[in-house]
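Notes follow once the structure below has been shown.
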Amino acid sequence: MIQNDLELQGTQERIAKFESWVAQFRVTTAPENYAAMAGAYLAEIDKMHAEVREYLRCHASEFEPTKAA
């Protein structure tokens, strides 16, 4: 769970890095290996995007992190 703007920035940078890697896999990995190579990264990207959305859904003055389900 993202707790502050510094963690938000770090998560956004990590998302960009993972997306860059997956984009590289699309052109450098054999088609039969692509899903296996990219799957875990894509799942992690989805998880990080959800964390960013949760953090950004509230104004900074009212941010209260919710407990993970």
Side-chain angles (χ1 to χ4, degrees):
M1 171 56 77
I2 298 170
Q3 300 293 321
N4 56 54
D5 287 348
L6 185 60
E7 290 181 11
L8 172 64
Q9 181 182 355
T11 300
Q12 290 171 322
E13 290 170 2
R14 191 169 178 227
I15 289 169
K17 185 182 293 187
F18 278 35
E19 287 176 337
S20 175
W21 290 342
V22 173
Q24 285 181 300
F25 295 159
R26 289 185 73 239
V27 295
T28 62
T29 303
E32 61 273 10
N33 297 331
Y34 176 71
M37 292 277 303
Y41 289 100
L42 293 171
E44 187 64 19
I45 290 167
D46 288 344
K47 178 182 165 213
M48 290 186 288
H49 274 296
E51 291 175 1
V52 167
R53 283 191 308 275
E54 175 68 19
Y55 182 75
L56 294 176
R57 83 179 164 79
C58 296
H59 186 272
S61 67
E62 61 186 347
F63 179 72
E64 281 189 41
T66 58
K67 298 231 185 248

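Each residue takes its place number in the sequence, starting with 1.
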Going through the checks in order, is the side-chain contact (heavy atoms from CB on, under 4.5 Å) test met by Asn33 and Phe25?
CA-CA 9 Å; Asn33 297 331; Phe25 295 159; over 6 Å; no
NE2 of His49 to OG1 of Thr11, rounded to nearest 0.5 Å, is 11.0 Å
Measuring from atom CZ of Arg53 to atom CE of Met48, what distance do you get when rounded to the nearest 0.5 angstrom?
12.0 Å
Evaluate side-chain contact (heavy atoms from CB on, under 4.5 Å) for Val22 paired with Tyr34, printing each intermediate quantity in order.
CA-CA 9 Å; Val22 173; Tyr34 176 71; 3.3 Å; yes
Minimum heavy-atom separation for Gln3 and Tyr55, please, with both atom names.
C-CE1, 3.8 Å
Closest heavy-atom pair and its distance - Ile2, Leu8
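Where Ile2 meets Leu8 most closely, the heavy atoms are CG2-N, 3.5 Å.
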Test side-chain contact (heavy atoms from CB on, under 4.5 Å) applied to Glu51 and Glu7, step by step:
CA-CA 10 Å; Glu51 291 175 1; Glu7 290 181 11; over 6 Å; no
